Participant: 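One structure coming up, written as C-alpha cells, with questions to follow.
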Amino acid sequence: MTGTRKTKSPNQRPGFPRDRADARAGLQETGARGGCAQGVRGGCAQDVHGVHGGCAQGVAGGCAQGVPCAAQAVLAGARKTGAKIPVLCLIGPTGSGKTGLAAAIAGEWLKTRPGMVPEREPGQEPEREPGREPEREPGPALDGCVIINADSRQVYRDFPIITAQPGIAETGLCPHRMYGFLETSEKFSAGAFIRMAQEAILEATAQNRLPVLVGGTGLYLKTLFGGIAPIPAIPQAVADFWHGRLKDEGPEALHSHLSEIDKDYAAQIHPRDSQRIVRALSVWQSTGETFSWWHSRPLPESPYAPITLGIDLPMSELEIRLRGRILEMLEQGAVLEAEKAFERCPNPDAPGWSGIGCAELFAHIKGRLTLDECVGQWFKNTRAYAKRQKTWFRKDPKDALWLRPGQKDEAIAWLNARLSADPFPFRPLF
RNA sequence: GGUGGGGUUCCCGAGUGGCCAAAGGGAACAGACUGUAAAUCUGUCGUCGGACGACUUCGGUGGUUCAAAUCCACCCCCCACCA
C-alpha cells in the first residue's frame with residue numbers, strides 16, 4: 001500500500017484529472033442542500049436531482065450525456081424492482097492493507113483485459129471473452145471497478161502521505177473517487193460522505209463498473225447502508241452557542257439540561273460525552289425536535305447490497321506494520337508535508353489537523369515534541385485507533401468475509417463467486 | 001569522602017502511623033457509538049473468590065507499635081551539590 005506510492009502529490013494523476021473537482025463540486029452542492037430533510041438516503045426527489053446536478057458538473061469528461069440519467073435510472077430501477085445495487089466494501093483496521101487489496105482487485109481486470117484502459121470512452125462496449133459465456137441468465141459483465149474512499153481522513157488534500165492515500169501506482173489502475181479533495185480548514189461529515197458516495201456509486205453502476213468502497217470509517221459505512229436520521233444542517237451559530245456553554249458549565253451541567261429536554265437520549269449517553277451532548281442540544285434548538293424524535297423516524301430502505309470483505313490480523317502483527325508505515329511516511333516526506341500544510345492552514349484546531357499523525361507532526365514542527373516523541377505518540381495513537389476500529393468491525397458487518405493481509409487470491413475468488421451468485425446476476429468477473 | 005534529595009503496584013507519580021490494595025495520569029484489556037468518528041466517551045486494571053471477603057505488595061533486613069508505604073537502625077542502589 002503506502003510502499004507503492006510513487007508521488008507525494010496525488011494532484012497529478014495522469015488518468016483522472018477530474019477526480020478532485022468532481023468531488024469538490026459534489027460537496028459544495030450537497031452542502032448547499034444540507035438543509036434538505038429528506039435528501040439523505042436517496043428516498044426523495046431532491047436527491048435524484050442532486051445526483052443529476054452533481055454529475056452534470058463533475059463528470060464532464062468521459063460521459064457527459066449518459067451518466068447522470070443512467071445513474072438516475074439505476075436508482076429508479078433499483079427502487080422499482082427491489083433489486084439492490086451491489087457495492088463491494090473493503091474494511092479493516094488502519095494499516096491492514098485495504099488500499100493494496102483494492103488495487104489488486106482493480107488490477108485483476110486489467111490483467112484479464114490487457115487492452116482495457118481505465119477510463120472507457122462513452123459508448124464503447126467492453127470486450128467479451130469468447131470462452132467465458134455465462135451458464136445462467138446473462139447479466140452484464142462488470143467492466144472494471146471504481147474505488148471510492150470511505151475514510152474520513154483521506155479526503156484531505158494537504159495530507160496524502162500522512163493519511164496513506166493511494167498513490168499513482170494505485171490510482172492508475174482504475175478511477176478513484178473522493179480522495180484528497182478537501183481543504184484542511186473544511187469539515188467533513190457522515191452526511192456529506194453519504195451524499196457524495198451515493199453519487200459515486202450510482203455513477204459507477206451506470207458505467208457498469210463495480211463500486212468498491214475502501215476505508216476504515218465504520219460510521220460512514222454504517223450510515224451509508226443503514227441510513228441516518230434526516231436532520232437538517234445545524235447553523236454554526238447554534239453549535240457555537242452550545243460549545244460556549246460547554247466550556248463555561250461543563251458537560252455534566254449540559255447533560256442534566258439535556259435530560260429535561262430529551263430524557264431518553266440523555267439516558268443513553270454518558271454525562272461527560274460532550275460531543276454527543278452538544279450535538280443533541282444543537283439539534284433540538286435548531287429544529288425544535290428532540291434528537292430522540294429524529295431517531296425514531298423510520299428510515300427508507302437501502303438501495304445497496306454491500307458485499308463486505310474485511311482484513312484483520314492480530315494486534316502484535318499489526319503493530320509491526322504500523323510502526324513500519326510511520327517510518328515509511330517519514331521517508332516519503334511526512335514532515336515536509338506537515339510544514340506545507342501548516343503554511344496553508346496554520347490553525348491546529350482546523351478539522352484536517354485532527355488526524356492521527358497530523359496533530360503530532362504539528363507539535364513537532366512547532367518545537368513542542370522532538371521527532372522521537374512525535375513518532376512515539378503517533379504510533380501509540382495509531383495503535384489505539386486500530387483497536388477501536390477492530391472493536392467496531394467485530395460487531396458491525398455480520399456477514400463479512402475476513403481475510404488476513406496478503407490473501408489476494410482468496411479475496412478475488414470469493415468476490416467472483418459472490419457476484420456470480422444470487423442476488424447478483426453478473427458474469428464471472430475475471 | 002562530605003552534605004542534601006530520593007527508591008511506591010507495567011510506567012510516571014501522590015501518599016509520611018489506622019479511613020491504603022494505596023490519589024491522579026499514562027499504558028494495557030474490554031466496550032459504547034445516528035452528521036467532528038483517525039472523533040467523543042465508558043468499564044476493568046496486585047492475586048484468588050459472585051458481591052461481603054481472604055491473601056500478598058510500597059529497595060532489603062531487623063526493630064518500635066494494638067496497628068507501618070508512613071517511625072527507628074543498619075545495608076543496597078540512584079540523583080544533585082561540595083571535595
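Naming: A, B, ... by sequence-line order, numbering from 1 per chain. The structure displayed is predicted, hence computed values, not measured ones.
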Participant: May I ask which nucleotide in the shown strands pairs with B/A67, Watson-Crick or G-U wobble, both distances under 3.5 Å?
Facilitator: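 B/A67 is paired with nothing.
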Participant: Decide yes or no for A/Glu301 and A/Lys84: does some side-chain heavy atom of the first lie under 4.5 Å from some side-chain heavy atom of the second?
Facilitator: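 Side chain of A/Glu301 against side chain of A/Lys84, heavy atoms only: contact under 4.5 Å found.
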Participant: Determine whether the side chains of A/Asp143 and A/Gln207 contain a donor N or O and an acceptor N or O closer than 3.5 Å.
Facilitator: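 Result is no, nothing qualifies.
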Participant: Testing the 3.5 Å rule here: is there a donor-acceptor pair between the side chains of A/Ser96 and A/Arg404?
Facilitator: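 On atom types as modelled, these side chains do not qualify, holding no pair under 3.5 Å.
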Participant: Starting at atom CZ of A/Arg325, determine the distance to atom P of B/A38, rounded to an integer number of angstrom.
Facilitator: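 For the pair A/Arg325 CZ and B/A38 P, the rounded distance is 12 Å.
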Participant: Please list all pairs passing the side chain to side chain donor-acceptor pair (under 3.5 Å) test where one or both residues lie in residues 345-357 of chain A, with sequence neighbours left out.
Facilitator: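 Only A/Arg153-A/Ser354 qualify under side chain to side chain donor-acceptor pair (under 3.5 Å).
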Participant: Sorted by first residue and then second, give each side chain to side chain donor-acceptor pair (under 3.5 Å) pair with at least one member in residues 226-239 of chain A; sequence neighbours left out.
Facilitator: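 Listed once each, the pairs are A/Gln236-A/Asp240.
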Participant: Pairs of donor and acceptor atoms involving the side chains of residues 280-287 of chain A, under 3.5 Å and at least two apart or interchain, shall be tabulated with distances.
Facilitator:
{"from": "A/Ser282", "atom 1": "OG", "to": "A/Val278", "atom 2": "O", "distance (Å)": "2.7"}
{"from": "A/Gln285", "atom 1": "OE1", "to": "A/Trp242", "atom 2": "NE1", "distance (Å)": "2.8"}
{"from": "A/Ser286", "atom 1": "OG", "to": "A/Ser282", "atom 2": "O", "distance (Å)": "3.3"}
{"from": "A/Thr287", "atom 1": "OG1", "to": "A/Val283", "atom 2": "O", "distance (Å)": "2.7"}
{"from": "A/Thr287", "atom 1": "OG1", "to": "A/Glu289", "atom 2": "N", "distance (Å)": "3.1"}
{"from": "A/Thr287", "atom 1": "OG1", "to": "A/Glu289", "atom 2": "O", "distance (Å)": "3.2"}
{"from": "A/Thr287", "atom 1": "OG1", "to": "A/Trp294", "atom 2": "NE1", "distance (Å)": "3.0"}

Participant: The criterion is salt bridge (Lys or Arg N to Asp or Glu O under 4.0 Å); which residues satisfy it with A/Glu319, sequence neighbours excluded?
Facilitator: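 So A/Glu319 forms a salt bridge (Lys or Arg N to Asp or Glu O under 4.0 Å) with A/Arg383.
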Participant: Measuring to OP1 and OP2 of B/A39, would you say a side-chain N or O of A/Tyr385 lies under 4.0 angstrom away?
Facilitator: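 Answer no for this pair, as no side-chain N or O of A/Tyr385 is under 4.0 Å from OP1 or OP2.
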Participant: Rounded to the Å, how far apart are A/Phe193 CZ and B/U36 C1'?
Facilitator: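 Atom CZ in A/Phe193 sits about 16 Å away from atom C1' in B/U36.
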Participant: Apply the test salt bridge (charged side-chain N to carboxylate O under 4.0 Å, His left out) to residues A/Asp396 and A/Lys222: give CA-CA distance (whole Å), side-chain angles for both, the deciding distance (0.1 Å), then the verdict.
Facilitator: CA-CA 8 Å; A/Asp396 192 35; A/Lys222 184 190 170 189; over 6 Å; no
Participant: For A/Ala384 and for A/Trp392, locate the closest nucleotide of RNA chain B by heavy-atom distance; then report the residue assigned to the nucleotide nearer the 5' terminus.
Facilitator: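 Its nearest nucleotide lies further toward 5', so the answer is A/Ala384.
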Participant: When all nucleic acid strands are considered with a 4.0 Å heavy-atom cut-off, which category describes A/His243: base, sugar-phosphate, or nothing?
Facilitator: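 Result for A/His243 = base.
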Participant: Counting only Watson-Crick or G-U wobble pairs whose two distances fall under 3.5 Å, which nucleotide matches B/U44?
Facilitator: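 Here B/U44 is engaged in a pair, and the nucleotide opposite it is B/A28.
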Participant: Under 4.0 Å, heavy atoms only, any strand: does A/Gly216 hit a base, just the sugar-phosphate, or nothing?
Facilitator: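 A/Gly216: backbone/sugar contact only, no base atoms under 4.0 Å.
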Participant: Could you check how far NZ of A/Lys387 sits from C1' of B/C41, rounded to whole Å?
Facilitator: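 Taking atom C1' of B/C41 as the reference, NZ of A/Lys387 is at 16 Å.
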Participant: Between the main-chain N or O of A/Tyr220 and the side-chain N or O of A/Thr217, is there a donor-acceptor pair closer than 3.5 Å?
Facilitator: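 Judged by distance alone, no pair lies under 3.5 Å.
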Participant: Tell me whether the OP1 or OP2 atom of B/A37 has a side-chain N or O from A/Ser189 closer than 4.0 Å.
Facilitator: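 Checking A/Ser189 against B/A37: no side-chain N or O falls below 4.0 Å of OP1 or OP2.
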Participant: Mind running a 4.0 Å heavy-atom check of residues 278-293 of chain A against RNA chain B and sending the residues that fall below it, in number order?
Facilitator: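 Contacting residues: A/Arg279, A/Phe291.
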Participant: Listed in order of residue number, which residues of residues 267-274 of chain A have a non-hydrogen atom at under 4.0 Å from RNA chain B?
Facilitator: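 Those residues whose heavy atoms fall under 4.0 Å from RNA chain B, taken from residues 267-274 of chain A in numerical order, are A/His270, A/Arg272, A/Asp273, A/Ser274.
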Participant: Taking salt bridge (Lys or Arg N to Asp or Glu O under 4.0 Å) as the test, write out the residues that go with A/Glu410, two or more places apart.
Facilitator: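 Salt bridge (Lys or Arg N to Asp or Glu O under 4.0 Å) check on A/Glu410 returns nothing, list empty.
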Participant: Looking at A/Lys222, I'd like to know whether one of its side-chain N or O atoms comes within less than 4.0 Å of OP1 or OP2 on B/A37.
Facilitator: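 A/Lys222 to B/A37 OP1/OP2: no side-chain N or O under 4.0 Å.
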Participant: Could you run down the sub-3.5 Å N/O contacts of the protein with nucleotides 25-27 of chain B?
Facilitator:
{"from": "B/A27", "atom 1": "OP1", "to": "A/Lys380", "atom 2": "NZ", "distance (Å)": "3.4"}

Participant: Can you list everything that forms a side chain to side chain contact (heavy atoms under 4.5 Å, CB included) with A/Pro348? Sequence neighbours excluded, please.
Facilitator: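 So A/Pro348 forms a side chain to side chain contact (heavy atoms under 4.5 Å, CB included) with A/Phe362.
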Participant: With the threshold set at under 4.0 Å for non-hydrogen atoms, list the residues of residues 346-365 of chain A touching RNA chain B in residue-number order.
Facilitator: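 Hits under 4.0 Å, by residue number: A/Ser354, A/Gly355, A/Ile356.
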Participant: Expressed in angstrom and rounded to an integer, what is the separation of A/Lys98 atom NZ from B/A38 atom C1'?
Facilitator: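 Value for this atom pair: 11 Å.
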Participant: If I take atom CZ in residue A/Phe393 and atom P in nucleotide B/A37, what distance separates them, rounded to the nearest angstrom?
Facilitator: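 The distance from CZ of A/Phe393 to P of B/A37 comes to 14 Å, rounded to the nearest Å.
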Participant: With the side chain of A/Thr391 defined as its heavy atoms from C-beta on, choose the nearest nucleotide among B/U34, B/A32, B/A38.
Facilitator: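 Output: B/A32.
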Participant: On RNA chain B, check which nucleotide each of A/Arg153 and A/Ile234 is closest to and give me the residue with the more 5' one.
Facilitator: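 Whichever sits nearer the 5' end wins; that is A/Ile234.
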Participant: To the nearest Å, give me how far apart CG (A/Asp396) and P (B/G31) are.
Facilitator: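 Those two atoms, CG and P, are 14 Å apart.
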Participant: Could you work out the separation of B/G17 and B/A28 based on their C1' atoms and round it to a whole Å?
Facilitator: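 Pairwise C1' distance, B/G17 against B/A28, rounds to 34 Å.
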Participant: Using the C1' atom on both, measure B/A67 against B/C20 and round to a whole Å.
Facilitator: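 Per the computed distance, 13 Å lies between those C1' atoms.
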Participant: Step by step, work out the salt bridge (charged side-chain N to carboxylate O under 4.0 Å, His left out) result for A/Arg245 and A/Asp248.
Facilitator: CA-CA 5 Å; A/Arg245 284 193 60 175; A/Asp248 296 340; over 6 Å; no
Participant: In whole Å, what separates the P atom of B/A23 from that of B/G15?
Facilitator: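 Pairwise P distance, B/A23 against B/G15, rounds to 13 Å.
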Participant: In whole angstroms, how far is the P atom of B/C41 from the CZ atom of A/Arg276?
Facilitator: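 The answer, rounded to whole Å, is 9 Å.
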Participant: Side chains of A/Tyr304 and A/Gln198: any donor to acceptor distance under 3.5 Å?
Facilitator: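 Yes.
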Participant: So, using ring pair (Phe, Tyr, Trp, His ring centres under 6.0 Å) as the criterion, who are the partners of A/Tyr265 when residues are at least two apart?
Facilitator: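 Ring pair (Phe, Tyr, Trp, His ring centres under 6.0 Å) list for A/Tyr265, sorted by chain: A/Phe291, A/His295.
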Participant: So, for A/Ala190 and A/Thr223, which heavy atoms are closest and what is the spacing to 0.1 Å?
Facilitator: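 Shortest heavy-atom contact: CB-OG1, 4.1 Å.
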Participant: If you measure from the C1' atom in B/A22 to the same atom in B/C45, how many Å do you get, rounded?
Facilitator: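 It works out to 14 Å between them.
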Participant: Closest to the A/Leu219 side chain: B/A32, B/G35, B/A38?
Facilitator: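 My answer, after comparing the listed nucleotides, is B/G35.
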Participant: With rounding to the closest Å, how many angstrom separate the C1' atoms on B/G53 and B/C58?
Facilitator: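 After rounding to an integer number of Å, I get 23 Å for this pair.
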Participant: Is there a side-chain polar atom (N or O) of A/Arg388 under 4.0 Å from OP1 or OP2 of B/A30?
Facilitator: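 For B/A30, neither OP1 nor OP2 has a side-chain N or O of A/Arg388 closer than 4.0 Å.
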Participant: Expressed as a whole number of Å, how far does the C1' atom of B/A21 sit from that of B/C33?
Facilitator: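 The answer is 34 Å between these two C1' atoms.
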Participant: Does the side chain of A/Ser185 come under 3.5 Å of the side chain of A/Glu183 through a donor N or O and an acceptor N or O?
Facilitator: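 No.
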Participant: Taking only residues two or more places apart in sequence, or in another chain, which ones meet A/Arg388 in a salt bridge (Lys or Arg N to Asp or Glu O under 4.0 Å)?
Facilitator: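 Once residues adjacent in sequence are excluded, A/Arg388 has no partner under the salt bridge (Lys or Arg N to Asp or Glu O under 4.0 Å) criterion.
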Participant: With both distances kept under 3.5 Å, what pairs with B/U3, Watson-Crick or G-U wobble?
Facilitator: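 Because both required distances fall under 3.5 Å, B/U3 counts as paired with B/A80.
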Participant: Between B/A32 and B/C19, how far apart are the P atoms? Round to whole Å, please.
Facilitator: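 Those two atoms are separated by 38 Å.
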Participant: Which value, in whole Å, describes the distance between the C1' atoms of nucleotides B/A54 and B/G49?
Facilitator: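 Each nucleotide's C1' atom is 8 Å from the other's.
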Participant: Rounded to whole angstrom units, what separation is found between the CD atom of A/Gln236 and the P atom of B/G35?
Facilitator: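 Answer to the nearest Å: 15 Å.
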